[in-house]
Every structure is written in structure tokens, then in C-alpha cells.
Amino acid sequence: MAQENLSARKAVHFSSGHSINLSAIRKDFPVLSQMINGHPLVYLDNAASTQKPMSVIQKMQTFYEHDYANVHRGAYELSSRATDEYEEARRKIVDFINAAGSKNIIFTKNGSEAINLVAYSWGRHFLNEGDEIVLTEMEHHSNLIPWQLLAEEKGLTLRPVPIREDGTLDMEVLKKVIFSKTKLVAVTHVSNVLGTINPVAEIARLAHSVGAKILVDGAQSVPHFSVDVQALDCDFFTFSGHKMLGPTGIGVLYGKEEILEEMPPFLSGGDMISEVWIDHATWNELPYKFEAGTPPFVEAIGLGAAIDYLQTIGMDWVWEHEQELTQYALAQIKTVPDLEIFGPTENRAGVISFKIADIHPHDVATFLDQEGVEIRTGHHCAQPLMRRLCIPGTARASFYLYNTFEEVDRLVAALNKTREFFK
Amino acid sequence: MAQENLSARKAVHFSSGHSINLSAIRKDFPVLSQMINGHPLVYLDNAASTQKPMSVIQKMQTFYEHDYANVHRGAYELSSRATDEYEEARRKIVDFINAAGSKNIIFTKNGSEAINLVAYSWGRHFLNEGDEIVLTEMEHHSNLIPWQLLAEEKGLTLRPVPIREDGTLDMEVLKKVIFSKTKLVAVTHVSNVLGTINPVAEIARLAHSVGAKILVDGAQSVPHFSVDVQALDCDFFTFSGHKMLGPTGIGVLYGKEEILEEMPPFLSGGDMISEVWIDHATWNELPYKFEAGTPPFVEAIGLGAAIDYLQTIGMDWVWEHEQELTQYALAQIKTVPDLEIFGPTENRAGVISFKIADIHPHDVATFLDQEGVEIRTGHHCAQPLMRRLCIPGTARASFYLYNTFEEVDRLVAALNKTREFFK
Amino acid sequence: MALEELYQEIILDHYRHPRNKGKIEDPDIHEHATNPLCGDEIDISAKVENGVIKEVKFSGQGCSISQSSASLLTEALKGKTLEEAETFIAAFREMLAGHELPEDTGIDFGELEALRGVTKFPARLKCATLAWNTAQEAIKAFEKTHSNH
Amino acid sequence: MALEELYQEIILDHYRHPRNKGKIEDPDIHEHATNPLCGDEIDISAKVENGVIKEVKFSGQGCSISQSSASLLTEALKGKTLEEAETFIAAFREMLAGHELPEDTGIDFGELEALRGVTKFPARLKCATLAWNTAQEAIKAFEKTHSNH
Ligand SMILES: Cc1ncc(COP(=O)(O)O)c(C=O)c1O
Ligand SMILES: Cc1ncc(COP(=O)(O)O)c(C=O)c1O
């Protein structure tokens, strides 16, 4: 299918700078070379979680085999090694998102905890009855429920901004609902359902113009294109390690230093203290104030290796490659009879949600699975968005740097087969 | 040194049931076979974190290489495998501590988060001004600061129970301070400084007799001897994976079902919901209600492999071996001039805190490190206990199943050398 | 191909033409449930007379497996006593769990045999059992209120 | 043996016989700091006249490295202008970080050279720098208040 077309694309590809070889990349990911139900695996659930390159798996293994000890509290060799590697990982994050320094980077267990930390610590401390939080109809539950709970506790008002027909955010409404009572704008950088890329730099300006803070949920952006948190001028920025080639068990909260300084602790216990008496305590400096107990430091080190990998490939290449795949996929998928794609056609990330006729997404997934094509179905933790679209869920294919044009073809062929069966 | 003595012990050892071979065990732990500063590593910081056997490291590696996908939300092959393995790991925990079922087991990122979960969810919901929390002078900061913060927020009173001269809990005082206003008793099962084993079953009875709940911090017990949470009748029980051969990034909260049922969510977001509208939501069933976002599921699977390993060795053997090491170590360490040991001499775990003359613990650690002997120094996240003992910190050696009598000898020799240098 | 085992004609037929779809007005038994992970919804309502299920309906939305399973359920439970219904539900769940039933139960699954294919698709088990779990909850709740009287 | 490089005679001497130990009453400069991870504590106080450090004392508790480093600090800073002191502290921290100083700084570390051994013991770096960080904070705070006048 479209073979010339394909080679043309690949030429463009290789002319775009370095000579990156997709099949070499795929060899770095052991999981990809397996058969599922008799077919080579086509992994298209990258928005839920990505696969891990050998270098990440091996980094953690080597660390456990040679350098393992608890961090921060030891005056001996192994513990120094562990502490150094943990802090080195933090510096890699600093560079990757262009934070000002290590004080801005707090390690959490996942993207959700990072948002909860802000809701509990900053939200409970600085928000009061009548204050308003602006968010969007396309938020992942992780950037919605923490604010619902906070709103209930504090008597705040949530202002959801609707999406337009084309799946983009309604900026006219957004401009209207942000006003003097707005204290926070919580918005996803990229929708995990529609692929929509929100103009967060502009939204940050709008938020700051009324003195509000902005939290950007970067779970679906940081893995795919280069992000500069200072250029975006966001106050908080959160993401997950497991969606960017890193291990599970690790997430990141970036925050501006002056804001983090003023926030009370969230989780408390070992390591986040300075001095402790039986009835009170004082806090450690940033970022440790927010890291209670033994942190997921091997996971942080694994995430550091993931960032090394991404930087070797180059985030520009990653983004370009995904863009080409996405444009190709959008064009090809559309040829399946009775298939409807949700979300914008341009200026969008490699997350494609769709439905075919009245075949339930769950049935689609089972069919595709039989062909070795692994996609996600359901509400994608975005039930309010499903209500808005008047559907119970979607089928969703999402790409990452190791996906190929041939895999898109396999997806399309499987979709056609599904359509045939249920006709 | 004491060579006959040693072989005598080993005979006892091997006659005690199965023929477990310590050097075979040591081969399972790659990290142990390295040189530190020119000497074979003697790892004696097990109370801070333990090393990992090959089977745990490899389980996670294999999973990443063959079966990785996000859990719970997928209708395809890889995701089913991941979900099955994650839930299988939960069942291993159920068996290991004899919980009633999977609903009682909530995965967190470490032991500290497990305690914080109870403080935030149960504590903020069920405690009111004037209520009292009984805890002890020997608590780890992780079982102290969360209650301090809660007390401050809610106007509660904390009642610290002192220790006696011999390092055991003053049960007379404990009995007096538990009364009708007591709503929670938060107590460590085993002290991470003194090795003291607290009579938690008895404390649970005392707590329940006035209608209070009991939270047992099992970070230092579950790794070392077999624990039955139902026999202890504790309402909450917490521990860390990394202190029991498991990876970092995983901890466990056990709770009684009827209590967990009534508790509101703590962290919120994806996966912990049932139905979500833009302004409110309903919650998923136990245990998922408390697991927001992508859980550290590979870490949970790794912890499952750690439990398999421990069960193959047998917790009775682990405990017996550590007891023998500890008795031997207590006797030998005492021979070092001007050395003082803190904590009880009997009925105690393999955590030995000490000081030598007026040599600062930090200097002791540096000396030992030069000899390849890795111990921990400082306040061990127990500053109130340090104040009680009128010391800035201690040097602490702590054992696990792979430690040997020869290693104790190496420790003692290094201590003698240190003493000489600073004389 | 294994897919045909899952999507047997009976299942597709019940999916396309659900039996007993709707809600009973003023029901004796009623329960609503969702599968939070895939968004399936099921509502079961029934009329009970002298301990016998006289009428049973379902409504909801979801995949072919969850909806056909609910449709088949309504046909299977109608006319059974509450006790028979509970035994039947338990047996059906055993079948889906891949367990052999003891010979002497004498239970005939009839068209429901078509759902046996689900055992090969563990990811779809929850779809097939949602209606049955819901019905069981509903019956339990009914019995609880009635034993309290 | 590397240990002798760390625990040089000068260091052990300052540990056993600390110089300028105590607190200055009514100090111009004062700062208290702890290393939360090992429990070391340092209190630095000083008298300043016309921009010159006339007297400086320390108190606290901790290991031989942190206490001797503080003792050596008091001797090094006494008599320096605030500006000289800050340059000196920065240079000292550079030395401990293992960096070569440019030739032309003309800084003579004197007895403080004994602390150079710490560069081989990264785990002890924080012990050696605690007093110096504290002194720097103290001077900064002093300058801030005085530039505001
Ligand atoms: C008694 C005790 N409680 C709690 C903790 C905290 O566990 P974690 O570091 O896994 O949060 C520890 C370990 O540091 C401990 O020893
Ligand atoms: C947009 C968005 N936000 C937040 C999350 C939550 O991240 P995690 O599952 O790591 O908590 C996800 C992923 O599920 C996501 O796609």
C-alpha cells in the first residue's frame, strides 16, 4: 500500500539532518520483536505508556547489581554513588525541560501525584472560598478530580472551558472566564484523546494578566516534542516517566522556585525535614521538602537514561517522525468505510481517536488484538470529554518514535477487516 | 576469631530444618561480590534499604522486555498480561501478611506514603478537635510528622509514650495515656534505631478497648519475620518494598476493609474513579479507590518476586539467622573499648546502634568505609529519640539474610582500628 | 479463527436485536452498574412474585459482549425462583472462569453456551460478567430488604 | 592510606582543641544552620567594624571534619573585610570542589590546605562546607540589612 509514497517520505526523512535508522531504533526495544496472536506486534498504545529501550532497562539493572544503597543519608561509598546518580538524573530533567535548576524539580511516583501535590499543598494553602479554577473539557481525570475535591473542600468554583467542533479549545470562552477571581488555570498541554495542542504560552499570559497561576499537564507533550518551561512561563508543569521511555513509578513536578518555597509540605516523613521535635518540625530545603521517605530513586535514574536516549535521537527528529506518521495515518485511516476521526486535522499530536460505524470500541480492540495490533479503547480517563462528544468511548491509536509507516498500514488493514466482520 | 564457636552455630543452623547454604544465597545478590576501597564489601545498612537478588532484578527486566503495557485499562494481550501480573503481586502480599483479600492491599510508592494516606484520608475525615493520637518516642519521622501536621490542622493532641532505660517502650505509661479520647495509636513494630520489638498485639487490644484504631509501622518487621496482620488485629499496617529485597518505588498499606470502605479518596485522578462529570465524580471499588494514576506496577511485580524469594528461603530461617548474627554481634561488638550499645539486649531485631568513646558517628562511618564496611550514621530519621538519648546520632549496623559471621568479625576489627586511630 | 468463537452468531444476534430491553416501571428488583475502565453500563430491573422472577429487563450501553450477555441473561432468569436464579448465576460465572461444573448440577446453559468463547479472551471477561454481577447484587439487595420485614 | 589525608594532624588538633568556640554577645552577624541528614549543627557569630570582621566565633556539634572546618574558618576570616571574606569563602569552596584556582588570586589557604583531603571523600564534603555556607549566608544577610539603611 502506497509504497512509492512511503519511500518518498523516508527520503525526506533522511534528508532532514542526521541519518537516523528506524530499524536500528526498533532493535533497541526488545519488546517490539515479538509475535502477538501469530502476528508481529504493532504497539500503538503509546499515549497510555511507552516501551523501554535496552539502555533504560540495563541502566537500572546495572545500578541494582553494582551501586545500590539508599540515597542521601549515607556516609559510605555505595550510598554516595546512589545519591550522585539520583541528583544527576534530576539535572537531566532540568536540562530537558530547561528549568532554572534542581530546586525546581520534584520527583513523584507518577504524573497524577505531581498534580495532587499542587492541589493539596498550594491549593489548600492559597485558595479560599469564592476563588475560581479554570480548566478544560478535555482534561484527563488526573487534572480534574484533584480540583473537584479541592473545590468541594474550599468552596471554589470550577470553570470548564468547552472545546469547539474541531476539537480545539474555545479560546474566546477561555478569555471570558479568566478574570480577577481566577486563581489557577489547569490545562493539558496536549489532549490524550484528541491530540489537540493547546496554546499554553498564550494561556499563561492570560492567567498571569489577572494574577492567576497556571498548571500545565505535560504528560502528553514532553515525551514528544521539546518543551521549555521557562519560555512557556508556566508556574507548574507535570509529567510521567513511563510515557517517555522511562520506568513506571516515577513522575515529575516542575514548579517556580518562589512558589515552591512558599508552599507547605505535602507528604511528610523521613528526608523532608530539617529539625524534628516530638511535637513540631522544620522543613528541608527544595526540592527535598516535597520528597518524603525513600524516593523512587532507581526509577529516577532510569528516567535519566530515557532522557539520554531521547536526546541522542533528538527531540526534533522524534517530533518530525511522529508528525509524518500522523499525517499519513490520518489520510489512510479515513479510507476505512464509516470511520469517524475525533480531533483536529492540523497542528495536532500523534494521538488518533476514532469510531467505526456503530461497532463498539471494545470490539474493535479485540479484533485488532487478534491481528497483533494493540490499541486502547474506552474513555481514556476523560469521561467529561466523552459526554461532550456523545460517545461512550473511542478507539485510540497513538504513536512514538519507534512506530513505522508499515505499522500504520497494518492498523488500517485490520480496521478494514473489522468493518467487514460487523457489516 | 571464635572459629569453633562459629562452626558450632552453623551446625545448629543446618540442623534446623532445610539445608540452606549461606554462600549460595550470597551468590544470588550480584552487588555483594564487589570490592570497596580495596576490601570485599560488607553491607550492613539493611535497615535503610536491602540489596536485591537476581530473581527480582530479572523479573522486572523480563517484564519490560516481553510483557510491558499499562495495566487495567487495556483490552489487548500485553495489557492483560500486565494487569494479571500486577494483581498476582497483590495476592502475594495478601498471603505474605495474611490479609483477608486483595481489597485490603493498597500499593503506594514507599512506606511513608502509606502512612500519609491514612493521615490524610482517614485522619482528616474521622478525627476532630480534642481527639488524641498516642505514639512513641521511638517513631521514625515518617510515623510522626504526618500526625504532627494532622494535629496542627485539626487541633488534636499527640501523646508520645517514652522509652525505658533499656530501650523498650514504657507500657505503664502507654496504658495510662490510652483513654476514651484516644482515636489512634501509631506505633512502630520494630524500632529502626534500637531494634526494640514492640508488643503490638497487646497495644492493639488496649487501643480497641477504648474504641481507638491502631496503625502499625511494619517497615522494620515484615522484612525480617513472619507477620500476620489479622492475628495482630491491626487496623492499618504499612511497609516498604525496598527494605525487603524489592525495588524502590513501592510500598504497601494494609487496612481493614470496613475502614477503607468508609474513607474518602486520597490521591485522585485516573483509575480511582467510577463515573466522572465535569463537577463531581464517584469512586472505584477497593483497592483501586486509593490508587490514582498509573501505579508503580512493575515495582509491585518486582516486590512479588522478592516475596517469592523470601518464601523459598523461609521467613523462619531468615529470622533465626538474623537472631544468631545479632547475638553474636552484640557479644563481639561489646569487646571494643569504650563502645556503648543502645537498645535492649534480648527480644530484639538485628539493628544495632552504638557509639565509641566521643568519636563522632560520621567519622566512624568514614573509617569503616575505608575497610569496605558500610554502616549508617546519623539520627536515622528519629531525632526525638536522639534527643531522648542525648546524642547527636548513632552508628548503626543492621543485618539481613545474606550477612555472615565473618562479616561481623570484619565490622568488629574495623571498629577496633577506628578506636585506635582516634585514641 | 478464534474470533469466531467469541463472536458467535447468537451473540451478534442478541447484540443487534437485544431481547427484553428497557426498564420495568416500579420494579421489585433494580440495580445499576458500570465498568469504570471501559465505560460499559448496565441497568437491570425485575418484577418478583412469590419468589419467582416474573419479568426482567435490561438497559445500558457497551460492547457486543456486555450487551448480548445482558440480553441472554434476561431470557435465562425469567421464570426462575430467586434461589434458582442465584444458583444459575453462580454456575454461569464458574463456566466463564473456565471451571468444569460438577455433573450433578443439571444446569443447562442453552444459548448461553455461546459465551463460553470469552474464556479465551480474558480481557473481555468483565464485559461478559457485568450484567450477571449486577443481577446478583440486585437479588441480594432484594432478599436483604425482604428478610428484614 | 587515604584516611591520613582526610584526618590530618591539623584537623584532629582543631577538632580536639577548637579555636574561637562560643557565641559573641550582641553580634553584628549571626547565623545558625544544620545538616538535616547527619545532624551537624553550626552557629556562627561575628563583630564587624567599618566593614572589617573584628571577631568571629562558632559553636555547634558534629563530626571532626565539620567542627575543625568551623574552627579553621574563624581563624581565616578574622581581620578580613567582608568583601575579602566573601572572596575567600568562594575560593575555599572552589578548592573543595576540586577546581584549580587561577594563579592570580593570590589566596593563601595556610592551614586550611589540610582540608583538601576531603575532595577524596565526597560523602564528607557537606561536613567540610557547612560552616562556610553558613558564614556566607550570614555575611549576605548582614550586607542586605546594611544596604537597606
Ligand atoms: C520504621 C520505619 N518507618 C518508616 C520508614 C519509611 O519508609 P520509606 O523510606 O520506604 O518511606 C522507615 C525507613 O526509612 C523505617 O525504618
Ligand atoms: C494528559 C494526561 N494527564 C495525566 C496523566 C496521568 O499520568 P499517570 O498515569 O502517570 O499518573 C495521563 C496519563 O494517563 C495523561 O494522558
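So that the names make sense, note that chain A is the first sequence line, chain B the second, and so on, each numbered from 1.
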- Message: Tell me if the aromatic rings of A/F107 and A/Y86 count as close, with their centers under 6.0 Å from one another.
- Response: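 Ring centres of A/Y86 and A/F107 closer than 6.0 Å.
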To check you understand the geometry: which heavy-atom pair defines the closest contact between [X] and [Y], and what is its length?
{"X": "A/A89", "Y": "A/A300", "answer": "CB-O, 3.4 Å"}
{"X": "A/M272", "Y": "A/P265", "answer": "CE-CB, 3.4 Å"}
{"X": "B/T108", "Y": "B/P296", "answer": "O-CG, 4.0 Å"}

- Message: Between A/R81 and A/E77, does any NZ, NE, NH1 or NH2 come within less than 4.0 Å of an OD or OE carboxylate oxygen?
- Response: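 Salt bridge present between A/E77 and A/R81.
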- Any Lys/Arg nitrogen of B/E113 or A/K109 sitting under 4.0 Å from an Asp/Glu carboxylate oxygen of the other?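 Yes, this pair counts.
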- Message: Could you measure the distance from the CD atom of B/Q383 to the CD1 atom of A/I273? Nearest 0.5 Å is fine.
- Response: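 So the CD of B/Q383 and the CD1 of A/I273 are separated by 4.5 Å.
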- Message: When you compare the side chain of B/L303 with that of B/M244, does any pair of heavy atoms fall below 4.5 Å?
- Response: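 Yes; the side chains approach each other to less than 4.5 Å.
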I'd like to verify something: which residue of [options] has the highest number of heavy-atom pairs under 4.5 Å with chain B?
{"options": "A/L135, A/V276, A/V298", "value": "A/V276"}
{"options": "A/N37, A/I250, A/L78, A/L158", "value": "A/L78"}
{"options": "A/H66, A/Q58, A/M60", "value": "A/H66"}
{"options": "A/P247, A/A382, A/S268", "value": "A/S268"}

Between [X] and [Y]: side-chain donor-acceptor atoms closer than 3.5 Å:
{"X": "A/D45", "Y": "B/Y76", "result": "yes"}
{"X": "A/H242", "Y": "A/S49", "result": "yes"}
{"X": "B/H380", "Y": "B/T394", "result": "yes"}
{"X": "B/T294", "Y": "B/N70", "result": "yes"}
{"X": "A/Y68", "Y": "B/T248", "result": "no"}

- Query: How are the rings of B/F266 and B/Y120 set relative to one another: parallel (under 30°), tilted (30 to 60°) or perpendicular (over 60°)?
  - Reply: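 B/F266 and B/Y120: parallel rings.
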For each of [options], tally heavy-atom pairs with chain A at distances under 4.5 Å, and name the one with the top tally.
{"options": "B/L41, B/L117, B/V56, B/T50", "result": "B/T50"}
{"options": "B/P146, B/A119, B/A365, B/G251", "result": "B/P146"}
{"options": "B/H141, B/Q148, B/H280, B/K52", "result": "B/Q148"}

For [X], is it the side chain, the backbone, both or neither that has a heavy atom under 4.5 Å from a heavy atom of chain A?
{"X": "B/P264", "result": "neither"}
{"X": "B/L385", "result": "neither"}
{"X": "B/E153", "result": "side chain"}
{"X": "B/M386", "result": "neither"}
{"X": "B/E275", "result": "both"}
{"X": "B/L144", "result": "side chain"}
{"X": "B/D67", "result": "backbone"}
{"X": "B/T136", "result": "backbone"}
{"X": "B/S33", "result": "neither"}
{"X": "B/R396", "result": "neither"}
{"X": "B/I57", "result": "side chain"}
{"X": "B/Q34", "result": "side chain"}

Side chain, backbone, both or neither: which part of [X] has a non-hydrogen atom closer than 4.5 Å to chain B?
{"X": "A/E152", "answer": "neither"}
{"X": "A/F63", "answer": "neither"}
{"X": "A/P295", "answer": "backbone"}
{"X": "A/E299", "answer": "both"}
{"X": "A/I278", "answer": "both"}
{"X": "A/L368", "answer": "neither"}
{"X": "A/L267", "answer": "both"}

- Without swapping roles, check the side chain of B/D217 against the backbone of B/E139 for a donor-acceptor pair under 3.5 Å.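 Checked: no pair found.
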